[in-house]
Amino acid sequence: MVATSQAPVSDATVIPRVGVAVFVLNEQGHVLVGKRTGSHGAGTIALPGGHLELHESFYECAARETYEETGLLLQLPDALPPSQLLSPSSPVHSRPSLGTSTQSAPTSRPPTPLQFITAQNSVHMKDHGERGDGKHYVTIFMKASVKPDPASPVAQARIMEPNKCLGWAWVPIPYLRNTAHRQQELQMLQMSAASEGRSLPVSIDKLLEADSLAQALQEADETNLSPGVDSPLSPSLQNSQRLPAQHPALDHAEAVAWAQADDFMRGAPLFQPLVNVLIDNPALPLA
């Protein structure tokens with residue numbers, strides 16, 4: 001007999017939970033990210049996604065969670081994986097709200113059908129200030145383009161669950177990768193200090209915000225708009241991420257996208273599974 005005081009099976013500090021996260025791509029090939037609030041990972045920047053439900057495929061979960069959180073429909077695959085054909089029904093295609101359209105909008109990029117890309121095993125996930133061993137999550141990462149819509153050629157995500165997400169923004173993939181590497185370097189700095197019996201005076205998010213501000217002021221100084229300001233971090237960390245003007249290869253539109261992404265994130269850290277998957281898989285095909 002199970003004791004009534006036993007933690008519920010949904011508790012990720014007791015048993016591993018499975019989450020699905022989606023790299024949702026728009027017509028420009030940028031990735032959708034949101035500011036999490038009110039739940040696990042609150043205060044971080046994360047992809048659309050959520051918990052895998054009982055008897056649910058990765059494909060169905062990805063499409064359902066993306067629609068529930070953003071109001072966006074994903075480009076579904078023309079055919080499901082062979083193993084899912086053994087199921088009595090095809091879950092992804094069976095929901096009317098997630099169904100396909102017979103029309104397609106013109107686009108400069110061929111749409112990416114919903115597909116599995118990798119999985120990440122995060123065995124000690126801790127929210128800010130959380131003690132103990134943390135949570136254990138296995139995150140399934142999927143990717144897909146927003147389904148082209150002739151009536152709305154520019155994909156626009158809506159805040160469907162304001163208790164879970166404060167806002168959405170489209171960010172360039174290189175910006176996301178750079179942010180992950182920058183955050184990892186700050187975390188390594190934090191771990192190095194801890195191993196020496198020291199602690200950083202502020203949290204990772206404050207360090208990220210301070211470094212972003214210092215780099216922005218440095219960038220302004222290079223264009224003679226303000227006095228120079230030294231970054232509070234080491235030279236190696238200062239070089240870990242650059243603002244748009246320090247990327248001569250960026251065209252104007254991409255430079256604007258980088259600046260908008262920086263303004264949206266404002267030093268907020270990435271959700272740790274997202275950092276891990278980008279760091280562990282540098283050649284992961286996201287576009």
Side-chain angles (χ1 to χ4, degrees), residues 2 4 6-25 31-42 44-101 112-127 130 134-147 157-166 168 271-274 276-277:
V2 178
T4 56
Q6 183 176 350
V9 294
S10 60
D11 187 346
T13 64
V14 178
I15 64 168
R17 295 295 308 277
V18 178
V20 175
V22 191
F23 286 95
V24 179
L25 304 168
V31 174
L32 185 65
V33 295
K35 291 184 178 179
R36 295 175 68 96
T37 186
S39 61
H40 178 44
T44 65
I45 303 296
L47 304 173
H51 289 109
L52 185 72
E53 295 184 352
L54 184 65
H55 305 309
E56 188 174 45
S57 72
F58 296 160
Y59 293 82
E60 182 180 19
C61 182
R64 174 183 58 78
E65 285 287 354
T66 300
Y67 182 77
E68 289 176 356
E69 292 188 345
T70 72
L72 295 172
L73 299 178
L74 299 180
Q75 179 71 33
L76 300 179
D78 293 332
L80 294 174
S83 62
Q84 292 196 34
L85 298 179
L86 301 176
S87 175
S89 61
S90 300
V92 174
H93 296 281
S94 63
R95 293 194 180 195
S97 63
L98 304 179
T100 59
S101 169
T112 299
L114 181 60
Q115 58 195 271
F116 169 86
I117 51 175
T118 192
Q120 189 75 31
N121 186 26
S122 304
V123 297
H124 293 290
M125 291 180 59
K126 294 183 181 181
D127 292 327
E130 183 179 355
K135 302 176 178 66
H136 185 172
Y137 269 90
V138 175
T139 305
I140 307 301
F141 285 93
M142 310 285 285
K143 72 173 179 179
S145 295
V146 175
K147 183 167 183 58
R158 292 177 287 163
I159 304 175
M160 306 289 286
E161 298 177 325
N163 60 318
K164 296 181 180 180
C165 181
L166 297 177
W168 298 103
F271 196 37
Q272 196 58 45
L274 178 56
N276 295 345
V277 77

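A quick note: this is a predicted structure, and the numbers were derived from the prediction, not measured. What you see below is based on every heavy atom in this structure, not just the backbone, and it leaves out hydrogens, waters and symmetry mates.
Residues Val146 and Val24 form a side-chain contact, since some pair of their non-hydrogen atoms from C-beta on lies under 4.5 Å apart. Proximity of Leu274 to Phe23: side-chain heavy atoms (C-beta onward) are separated by under 4.5 Å at one or more points. Within the 4.5 Å cutoff, the side chain of Arg17 has heavy atoms near those of the His51 side chain. Contact annotation: the side chain of Met142 approaches that of Leu114 to within less than 4.5 Å [non-hydrogen atoms, C-beta and beyond]. The side-chain heavy atoms of Pro77 and Tyr59, taken from C-beta on, include a pair separated by under 4.5 Å. Between Phe271 and Ile45 the shortest side-chain heavy-atom distance does not fall below 4.5 Å.
Of all heavy-atom pairs between Leu52 and Ser57, the closest is CD1-O, 3.7 Å. Annotation for Ala62 and Val22: closest pair CB-CG2, 3.6 Å, computed over non-hydrogen atoms. In this structure, Arg36 and Ala46 approach most closely via the heavy-atom pair CD-CB, 3.3 Å. Residue Met160 comes nearest to Glu68 through the heavy atom pair CB-O, 2.9 Å, listed as atom of the first residue, atom of the second, then distance. Listed here is the closest heavy atom pair of Cys165 and Gly34: SG-CA, 4.0 Å.
Atom NZ of Lys164 is surrounded by 12 or fewer heavy atoms from other residues, nucleotides or ligands within 6.0 Å.
In terms of the side chain to side chain contact (heavy atoms under 4.5 Å, CB included) criterion, residue partners of Thr118 (sequence neighbours excluded) are, by chain and number, Phe141, Val277, Asn281, Leu284. Taking the side chain to side chain donor-acceptor pair (under 3.5 Å) definition, one finds that Gln272 meets it with Gln187, Asn276, sequence neighbours left out. The side chain to side chain contact (heavy atoms under 4.5 Å, CB included) search around Thr70 returns Leu32, Pro48, Thr66, Leu72, Ala157, Trp168, not counting sequence neighbours.
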Intermediate values then yes/no, side-chain contact (heavy atoms from CB on, under 4.5 Å), Thr139 and Val20: CA-CA 5 Å; Thr139 305; Val20 175; over 6 Å; no
key: Chi angles and distances behind the side-chain contact (heavy atoms from CB on, under 4.5 Å) call for Val18, Ile140   = CA-CA 7 Å; Val18 178; Ile140 307 301; 4.0 Å; yes
Please evaluate residues His136 and Asn121 with respect to the criterion side-chain contact (heavy atoms from CB on, under 4.5 Å), reporting the C-alpha separation (whole Å), side-chain torsions for both, the decisive distance (0.1 Å), and the verdict.
CA-CA 8 Å; His136 185 172; Asn121 186 26; 2.7 Å; yes
Problem - Worked check of side-chain contact (heavy atoms from CB on, under 4.5 Å) between Thr112 and Gln75 - result: CA-CA 7 Å; Thr112 299; Gln75 179 71 33; over 6 Å; no
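Side-chain N or O atoms of Glu56 include one that pairs as donor or acceptor with a backbone N or O of Glu53 at under 3.5 Å. Panel note: side chain Glu65, backbone Ala21; no donor-acceptor pair is recorded below 3.5 Å. Remark: side-chain polar atoms of Gln115 are paired, donor with acceptor, to backbone N or O of Pro113 under 3.5 angstrom.
Of the inter-residue distances, the one linking Lys35 atom NZ with Ile159 atom CD1 reads 10.0 Å to the nearest 0.5 angstrom.
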